[in-house]
Amino acid sequence: MIAQLLPPGPRGRSLTGNLQEYARDQLGFLARCAREYGDISRFRLINVRVYLLNHPDYIDYVLVRNNRNFIKSRRTREQLRFLGEGLLTSEGDFWRRQRRLAQPAFHKDRIAAYGRTMVEHTEAAVAGWQDGRVHDVYQEMMRLTLRIASTTLLGSDVDGQAGVIGSALDVLARRFSGPKSYLLPVPAALPTPANRRFRRAVGQLDEVVYGIIRKRREKAEETGDLLSMLLEAKDEETGERMTDKQLRDEALTILLAGHETTAIALSWTFYLLSRHPVVEGKLSMELREVLGGRVPEAQDMSRLRFTGMVVKESMRLYPPAWGIGRQAVAGCEIGGYGVPAGTQLVMSPWVMHRDPRYYEDPETFDPDRWATEAARQLPKYAYFPFGGGPRLCIGRSFAEMETLLVLAAIVQKWNLKLAEVGRIEPRPSVTLRPEKGIMMMVRRR
């Protein structure tokens, strides 16, 4: 029998619940709920009741042990509806089929072969940097990772369209951030300014992706990348290949998810290194000792131990996927509390990764913490920047290698320092973007 007891949580207003305080500071609100109400708490956004889970066992229950009882949350589905039925948004048997088709493109041997391309694109991207110039590192990383994702996974260079893609992504991100994004959605058919901007942005992305698909169909050659595999894939029962719409959904998902999260991880890493020169110096020393002036390669990853710890610690403090949402299909029980069918659940790496029960001095950027016995004994879901369970990010190994190699290639030759005083604020939308970019002065080593 399912427990009837409901978890504790903050009192809200009669009509809007906790919407105002949540919208004002999403990250701070979730952190306060965890701190004040414990491992499971409850709050309300207008008519939507949300449970926040802040314990590794509860997260494991939702993402792994009972994963089939939970689908993507309503808000996530609304945010990512423009992706169609891609890997991020599809469910059930269709999702499992698409995952099987895409998995070979992320095999470790194939990913290792992408390493050289990643470094070549990085060197080309920074070749135009001038000593003493100020750059928005977030925008620089967005352009770089977009080019890497498009060439390695889709076999097409979209460098000339990076500006269009970036502008479209900005429109999409702003649609899903701020207080208005929690109100009842305005019908998409209404010609409001916001709806027109949204449709135009999606249309611009469609033009890019359908263009890639059209060119690849015309060439009809096997290049071994993800798009080639999807083009060749056949339905086991009907023998039919994917339609252009199905290809569009998967290609757009990979193009966006495969570059923005990595760009964000790199941007926050450069930000943290600039604020912690001792760590930056230790990183630079390791790169000199291991690489000896040559470009990094995939085979160097196991030797660049401190570099890997820097990336891991950066993603602890600034996880690009700051919140993971699920919705209960059937009623269940978590932590002794009843979870009715339809309940929206939130699991936040931002909150979990800063829990003092698992991390000493959790607000401190300390890559060396990952070499300690305490780190080796961490519960599995005390750290989960890539999600977990069957829906663990399919590109995890790709992203980890890309982040490490790009970081090594840049830090080996360049020193990046913040060009502005003060803390850069994160803006939690679909991902954890820096609010106004990250302006940094680049100095050649």
Side-chain angles (χ1 to χ4, degrees), residues 2-67 69-76 78-79 177 179 181-183 316-317 319 321-359 362-363 378-385 387-389 426 428-429 432:
I2 298 173
Q4 299 300 308
L5 187 65
L6 298 178
R11 294 183 62 183
R13 302 188 179 195
S14 58
L15 292 179
T16 59
N18 307 102
L19 175 64
Q20 187 174 3
E21 51 185 324
Y22 180 67
R24 187 188 309 121
D25 180 9
Q26 297 171 59
L27 302 175
F29 176 81
L30 293 178
R32 285 193 299 276
C33 284
R35 184 174 62 248
E36 296 175 10
Y37 300 102
D39 295 336
I40 178 169
S41 56
R42 181 175 63 115
F43 58 93
R44 179 170 62 88
L45 305 176
I46 308 180
N47 63 337
V48 179
R49 298 197 178 275
V50 184
Y51 284 18
L52 171 66
L53 306 182
N54 195 55
H55 192 284
D57 289 348
Y58 302 163
I59 296 168
D60 180 78
Y61 175 80
V62 172
L63 298 183
V64 183
R65 300 198 309 271
N66 197 25
N67 72 86
N69 187 47
F70 301 95
I71 60 175
K72 292 281 185 175
S73 69
R74 188 179 79 177
R75 178 163 166 77
T76 301
E78 289 172 356
Q79 288 178 325
S177 60
S181 66
Y182 300 97
L183 302 176
R316 180 184 73 83
L317 285 171
W322 62 275
I324 297 173
R326 292 290 188 270
Q327 177 176 314
V329 176
C332 61
E333 186 176 313
I334 300 178
Y337 294 105
V339 182
T343 299
Q344 307 298 306
L345 304 172
V346 172
M347 298 151 284
S348 174
W350 170 276
V351 178
M352 192 80 256
H353 292 182
R354 294 164 182 259
D355 194 317
R357 293 176 296 179
Y358 309 109
Y359 301 98
E363 301 292 330
L378 272 180
K380 184 171 184 179
Y381 287 99
Y383 182 81
F384 62 117
S429 179
L432 195 65

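In this text, all values refer to a predicted model and were calculated from it rather than measured experimentally. Worth knowing before you read on, the calculation uses all heavy atoms, side chains too, and leaves out hydrogens, waters and symmetry mates.
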Could you report the tightest heavy-atom contact between [X] and [Y], atom names first, then the distance?
X	Y	answer
Cys33	Leu52	CB-CD2, 3.9 Å
Val339	Thr343	CG1-CB, 3.8 Å
Pro340	Gly338	CD-O, 3.6 Å
Pro8	Tyr337	CD-OH, 3.7 Å
Glu21	Arg11	OE2-O, 4.0 Å

What distance do [X] atom [atom1] and [Y] atom [atom2] have between them, rounded to the nearest 0.5 Å?
X	Y	atom1	atom2	result
Ile59	Arg65	CD1	CZ	11.0 Å
Gln327	Lys72	CD	NZ	13.0 Å
Tyr58	Leu63	OH	CG	15.0 Å
Lys380	Asp57	NZ	CG	12.5 Å
His353	Ser348	NE2	OG	8.5 Å
Ile46	Arg13	CD1	CZ	12.5 Å

Derivation and outcome, side chain to side chain contact (heavy atoms under 4.5 Å, CB included), residues Tyr22 and Val50: CA-CA 12 Å; Tyr22 180 67; Val50 184; over 6 Å; no
Is a side-chain donor or acceptor of [X] paired with a backbone partner of [Y] at a separation under 3.5 angstrom?
X	Y	result
Gln344	Gly342	yes
Asn69	Ala328	no
Ser41	Gly9	no
Tyr358	Tyr383	no
Trp322	Ser429	yes
Asn66	Tyr61	no
Arg316	Pro362	yes
Asn54	Ile40	no

Can you list the steps and then say if Arg354 with Arg35 is a side chain to side chain contact (heavy atoms under 4.5 Å, CB included)? CA-CA 11 Å; Arg354 294 164 182 259; Arg35 184 174 62 248; over 6 Å; no
Note, [X] side chain near [Y] side chain (heavy atom, < 4.5 Å):
X	Y	result
Tyr51	Leu6	yes
Pro56	Phe384	no
Leu27	Leu432	yes
Pro428	Trp350	no

Show, in sequence, the C-alpha distance, side-chain angles and deciding distance for Val346 and Gln26, and conclude whether the side chain to side chain contact (heavy atoms under 4.5 Å, CB included) test is met. CA-CA 12 Å; Val346 172; Gln26 297 171 59; over 6 Å; no
The test is side chain to side chain contact (heavy atoms under 4.5 Å, CB included); show your working for Leu53 and His55 and say whether it passes. CA-CA 6 Å; Leu53 306 182; His55 192 284; over 6 Å; no
Got more than 12 heavy atoms from elsewhere within 6.0 Å of CZ, Arg44? yes
Take Phe43 and Phe29 through the ring pair (Phe, Tyr, Trp, His ring centres under 6.0 Å) test and state the conclusion after the steps. CA-CA 10 Å; Phe43 58 93; Phe29 176 81; 5.0 Å; yes
